[in-house]
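For reference, the structure discussed in these notes is given below.
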Amino acid sequence: MLKWEEYIMGKYKEVLFMKIIICANEQELDRKAAEELANHIRRNPDTVVGLATGGTPVGMYKQLIDMHKNEGLDFSRAITFNLDEYVGIPYDHPCSYHAYMNDNLFDHVNISRDNINIPDGLSESLEQACTEYEEKIKSVGGIDIQILGIGHNGHIGFNEPGTPFDSITSVVELTASTREANSRFFDSIDDVPTHAVSMGIKTIMHAKKIVLLAKGADKADAMAKALYGPVTTDVPASVLQLHPNVTVFVDEGAGSKFPTK
Ligand code: F6R
């Protein structure tokens, strides 16, 4: 059993160490986060990478594309698993996370299409697809490095407040605030799906390393609660305090509510 699982069961009280890097601006964050991931891939070309979508990692992906084109960063053996996908949106819909990943990374690097895994939000049997996703992650030895963003309500993946810490990949309902936040990518809020398939919190916590990214003052509250507040399912990202290997990259805005000494 892992220490964080013991903690949930009340056997282990100590909160573990996190490395927190406050960057001067978004560009610095993008570059440093890309370097962190690139170093893993250089050290171990077969790295299993967990990937996030949304606005936050776009700049990091640009940097990775640049490293591929100009420094020979080789993705050919890397295996990727995305955190989530909307239910019911065709893969070629511009707002699907399949399309997002193609546009922002996969079409521009030498990743093998066979090594790309994104939850299937179109399966006729979503539950079975979730089970298979979980099994596939296990079959490659688990995720080596997981990239995460954070929602304004502290969600990670699409695990909204109240999600049990032992959840695995499943169909989840999006909160009104998450649909509102993501409506900026759609024509109207009515077009934002109500459900998604998301890796669970346990799935995420089993990654060997986690890299959490947050940009902008609108994420400051969520980040302060996640890193310095109580570990609670009300703030899903707070579970990361129990993970033994987390690196956090924030810009000054997202780090602006961290407690000062
Ligand atoms: C995306 C994901 C979400 C986002 C979060 C922040 O795959 O799992 O948890 O990371 O909603 O989104 P942005 O970056 O758009 O603020």
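Residues take their numbers from the sequence shown, with the count starting at 1. Any value given below was found using the heavy atoms of this structure, including those in side chains, with hydrogens, waters and symmetry copies removed. We count ligands from 1, going down the list as the structure has it; atoms in each ligand are counted the same way.
In terms of polar-atom proximity, Ile156 is not counted as a contact of ligand 1, lacking any N or O under 3.5 Å from an N or O of the ligand. Note: an N/O pair closer than 3.5 Å links Gly55 and ligand 1 by distance alone.
Under 4.0 Å is where a charged nitrogen must lie from a carboxylate oxygen, and between Asp144 and Lys208 at least one such pair does. At a threshold of 4.0 Å, the pair Asp103-Lys62 does not count as salt-bridged, since none of the basic side-chain nitrogens sits closer than that to a carboxylate oxygen. In summary, Lys215 and Asp251 do not engage in a salt bridge, as defined by a charged side-chain N under 4.0 Å from a carboxylate O.
The shortest contact between atom 3 (C) of ligand 1 and any protein heavy atom is with Gly157 O, 3.5 Å. Shortest contact from atom 10 (O) of ligand 1 to any protein heavy atom: Gly149 CA, 3.3 Å. Looking from atom 1 (C) of ligand 1 to the surrounding protein, the closest heavy atom is Thr53 OG1, 3.2 Å. Looking at atom 11 (O) of ligand 1, its nearest protein heavy atom turns out to be His155 NE2, 2.7 Å.
At a cut-off of 3.5 Å, with distance as the only test, a side-chain donor of Thr203 or Glu134 sits close to an acceptor on the other residue.
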Verify side chain to side chain contact (heavy atoms under 4.5 Å, CB included) between Phe158 and Asn182, making sure each step is shown before the conclusion.
-> CA-CA 12 Å; Phe158 274 137; Asn182 288 8; 3.6 Å; yes
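Summarising the contacts of atom 6 (C) of ligand 1 with Ile150, Leu83, Thr178, Thr56, the nearest heavy atom is found in Ile150.
Under the 4.0 angstrom criterion for non-hydrogen atoms, Arg184 is in contact with ligand 1. Distances from ligand 1 to the non-hydrogen atoms of Lys219 include at least one value under 4.0 Å.
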